[in-house]
Amino acid sequence: MTTKTVSFSSAAVKFIFDAPLSHVEKLVAGNKAIFITDDNVYARHKARFKLFPTIVISAGEQHKQQATVDTIINQLVELGADRKTYLIGVGGGVVTDITGYVAGIFMRGVSFGFIPTTILAMVDAAIGGKNGIDVGLYKNMVGLTRQPAFILYDYTLLKTLPAEEWVNGFAEIIKHACIKDARLFAELKDNNIRFYQKDLSALAKLVQKNVSIKTKIVQADEFENGDRKLLNFGHTVGHAVETLYQIPHGHAISIGMGIACKLSAAINGFSQVKEVSVLLKQYGLPPQFEFDKEATFKLLSSDKKRINNEMNYILLQKIGKGVVHPITMDELKERLNNL
Ligand SMILES: NC(=O)c1ccc[n+]([C@@H]2O[C@H](COP(=O)([O-])OP(=O)(O)OC[C@H]3O[C@@H](n4cnc5c(N)ncnc54)[C@H](O)[C@@H]3O)[C@@H](O)[C@H]2O)c1
């Protein structure tokens, strides 16, 4: 077990790597705590939820909505939760996002921690303090920025993670490599998902490397005025096609990264489109997809990233160097049509 405390401008977060879930008892230091998880994680790891009362929500993005928040809050009241109660989200990004959001509004804010159980949540969703829910089709439309007290990594929870969720998680790992770390990109080229599934110590190192990439970006720009926007690489078109075609998140982000690479080539002279696309395929991800450009653009126009008639698009200068590129909606429409 290794512990690292990372200070953000608003709070310090304790990262506990390679620890058993049961270690959480020490982290809440005698306070009341309540687990929040989803029915998949609960069914596969029931025995681990004996420590504290557990609220189980239905699994899936379609439940990251206000109705689930209301259900959780009603159960918190029934369980006698008070202002000193810790809420601990054990699950993927849906559970961590909603737990952080409920913790931010319940009694005007209670302490919370995360035990991520997907690769995506370990390297991305649990980190950075963005918590929120979707409103209808609009992803993450409502939320707040607030840091958890701790994030605990128990890699044994990944034993039950379905194959497609490994693929989803690696889309974000490839994203990190593309925007910030050419060496990580090279490491990924030499391996594949099976390698990391078999070698837990290589996986642990990979997760920690990605945690460090994300925490550094967030530390430098907690409230997303600058560099934190880089984390949206692949997510602009990605979120739109995810909504339109109900394809897995990682696939959507991969398609978004493919588009962003092509736009980077057209706008920035980026010359490594092929390399990125080969790596995506190596990890079971599609770099291309035939999508309805008009419907996609319509959804982009309601994206939170749009301000007036402009949007910040994330492009690559080279592998390992992402850049924020302001683009007008008119130009974006034209460039997408020309792809
Ligand atoms: N807050 C942020 O900064 C941030 C960043 C990226 C993504 N997100 C959010 O994260 C969400 C996606 O997260 P996700 O991909 O983890 O999805 P998810 O939470 O829906 O989990 C994926 C599936 O895996 C199941 N699962 C989780 N852990 C398991 C385990 N160990 N064994 C078996 N099954 C398991 C879940 O029940 C679910 O069916 C999206 O809502 C996205 O908006 C948030």
Side-chain angles (χ1 to χ4, degrees), residues 8 13 21 36-46 48-49 56-65 68 89-101 103-104 112 114-135 137-148 151 153-173 175-176 197 203 207 210-211 213-215 217-218 221-224 228-235 238-239 242-243 246-254 256 285 303-304:
F8 297 100
V13 179
L21 185 150
I36 299 177
T37 189
D38 72 26
D39 46 10
N40 283 337
V41 177
Y42 187 71
R44 283 160 188 79
H45 299 279
K46 218 172 201 161
R48 308 211 203 195
F49 287 96
V56 182
I57 63 172
S58 302
E61 184 74 27
Q62 70 276 27
H63 296 289
K64 206 176 96 175
Q65 297 275 347
T68 311
V90 187
V94 167
V95 166
T96 56
D97 274 12
I98 209 163
T99 301
Y101 181 55
F112 65 111
F114 294 145
I115 304 179
T117 64
T118 62
I119 295 286
L120 185 139
M122 286 187 179
V123 301
D124 193 357
I127 307 162
K130 275 194 191 178
N131 312 290
I133 53 170
D134 306 332
V135 177
L137 287 182
Y138 299 111
K139 275 186 64 83
N140 305 320
M141 194 48 106
V142 168
L144 41 86
T145 306
R146 192 162 172 262
Q147 298 296 341
I151 308 178
Y153 289 78
D154 177 345
Y155 302 113
T156 65
L157 290 162
L158 293 171
K159 282 188 187 145
T160 57
L161 189 68
E164 68 268 24
E165 298 305 337
W166 281 84
V167 173
N168 281 336
F170 270 82
E172 306 295 345
I173 290 177
K175 173 190 84 177
H176 285 158
Q197 283 172 329
L203 178 73
V207 169
N210 279 275
V211 169
I213 292 174
K214 176 140 186 193
T215 50
I217 293 177
V218 177
D221 177 25
E222 193 169 349
F223 295 96
E224 197 165 324
R228 187 167 184 173
K229 294 188 173 75
L230 294 178
L231 293 167
N232 293 327
F233 177 60
H235 283 58
H239 277 165
E242 184 176 11
T243 302
Q246 274 94 47
I247 47 178
H249 178 73
H251 287 217
I253 299 315
S254 172
L285 291 159
D303 193 298
K304 310 195 274 319

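Just so you know, ligand 1 is whichever comes first in the structure, and atom 1 is the first atom listed for that ligand.
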(message) Under 4.0 Å, heavy-atom basis, I'd like to know which part of K139 is in contact with ligand 1: side chain, backbone, both or neither.
(response) side chain

(request) Measure from atom 30 (C) of ligand 1 to every heavy atom in T160, I133, T118 and give the option owning the shortest one. (result) T160

(request) Check for a donor-acceptor pair, side chain of T37 on one end and backbone N or O of V90 on the other, with a separation under 3.5 Å. (result) yes

(message) I need the atoms of ligand 1 closer than 4.0 Å to a non-hydrogen atom of K130, numbered in the order shown.
(response) 1 (N), 2 (C), 3 (O)

(request) Check V167, N168, I173 against F170 for a side chain to side chain contact (heavy atoms under 4.5 Å, CB included) and give me the one that passes. (result) I173

(request) Using a strict cut-off of less than 4.0 Å between a Lys/Arg side-chain nitrogen and an Asp/Glu carboxylate oxygen, indicate whether K229 and D221 qualify as a salt bridge. (result) no

(request) Could you tell me the residue and atom name of the protein heavy atom closest to atom 9 (C) of ligand 1, and the distance to it rounded to 0.1 Å? (result) D97 OD2, 3.4 Å

(message) Are the side chains of H239 and N232 in contact, using a 4.5 Å heavy-atom criterion?
(response) no

(message) Does any part of the side chain of E242, heavy atoms only, come nearer than 4.5 Å to the side chain of H251, both counted from C-beta?
(response) no

(request) Spell out, as yes or no, whether a donor-acceptor pair under 3.5 Å connects the side chain of R146 to the backbone of Y101. (result) no

(message) Counting non-hydrogen protein atoms only, what is the nearest one to atom 28 (N) of ligand 1? Give residue, atom name and distance.
(response) T117 OG1, 2.7 Å

(message) Taking a cutoff of less than 4.0 Å between a non-hydrogen atom of the residue and any ligand atom, is L161 in contact with ligand 1?
(response) yes

(request) Just need the protein heavy atom nearest to atom 8 (N) of ligand 1, so name the residue and atom and give the distance. (result) A125 CB, 3.6 Å

(request) Could you check which of K64, E242, R228, H235 puts a non-hydrogen atom nearest to atom 43 (O) of ligand 1? (result) K64

(request) Run down the list D38, T37, T145, T156 and name the one with the heavy atom closest to atom 37 (O) of ligand 1. (result) D38

(message) List ligand 1 atoms under 4.0 Å from D124, heavy atoms only on the residue side.
(response) 5 (C), 6 (C)

(message) Under a 3.5 Å distance rule, please check whether T68 uses its side chain to pair with a backbone N or O of K64 as donor and acceptor.
(response) no

(message) Please list the nearest protein heavy atom to atom 3 (O) of ligand 1 with its residue and the distance rounded to 0.1 Å.
(response) K214 NZ, 3.5 Å

(message) Return the closest protein heavy atom for atom 41 (O) of ligand 1 as residue, atom name and distance.
(response) E61 OE1, 2.5 Å

(request) Starting from atom 24 (O) of ligand 1, find the nearest protein heavy-atom neighbour and note its residue, name and distance. (result) E165 CG, 3.7 Å

(request) Would you check if the side chain of D38 reaches a backbone N or O of A59 as a donor-acceptor pair within less than 3.5 Å? (result) no

(request) Among all protein heavy atoms, pick the one closest to atom 12 (C) of ligand 1 and tell me residue, atom and distance. (result) L120 CD2, 3.8 Å

(request) Do me a favour and list the nearest non-hydrogen protein atom to atom 34 (N) of ligand 1 with residue, atom name and distance? (result) P162 CD, 3.6 Å

(message) Does any part of the side chain of F114, heavy atoms only, come nearer than 4.5 Å to the side chain of N131, both counted from C-beta?
(response) yes

(request) Answer side chain, backbone, both or neither: which part of N140 comes under 4.0 Å from ligand 1, heavy atoms only. (result) side chain

(request) Answer yes or no: does an N/O atom from A121 fall short of 3.5 Å to an N/O atom of ligand 1? (result) no

(request) Kindly indicate whether the side chain of R44, heavy atoms from C-beta on, has any atom under 4.5 Å from the side chain of K159. (result) no

(message) If you measure every N or O of L157 against every N or O of ligand 1, does any of those distances drop under 3.5 Å?
(response) yes

(message) Within ligand 1, which atoms have a heavy atom of R44 less than 4.0 Å away?
(response) 33 (C)

(request) May I ask you to check whether E172 and H249 show a side-chain donor-acceptor distance below 3.5 Å? (result) yes

(message) Please list, in number order, the atoms of ligand 1 under 4.0 Å from a heavy atom of A59.
(response) 37 (O)

(request) Identify the two heavy atoms, one from G250 and one from L285, that lie closest to each other, and give their separation to 0.1 Å. (result) O-CD2, 3.5 Å

(request) Check the surroundings of atom CZ in F223: do more than 12 heavy atoms from other residues, nucleotides or ligands lie under 6.0 Å from it? (result) yes

(message) Does any N or O of ligand 1 fall below 3.5 Å from an N or O anywhere on G93, backbone included?
(response) yes

(message) With heavy-atom distances below 4.0 Å as the criterion, list the atoms of ligand 1 near G92.
(response) 16 (O), 19 (O)

(request) Closest by any non-hydrogen atom to atom 25 (C) of ligand 1: pick that one out of V94, D134, N40. (result) N40

(message) For N140 and K130, which I'm curious about, is there any donor-acceptor pair between the side chains at under 3.5 Å?
(response) no

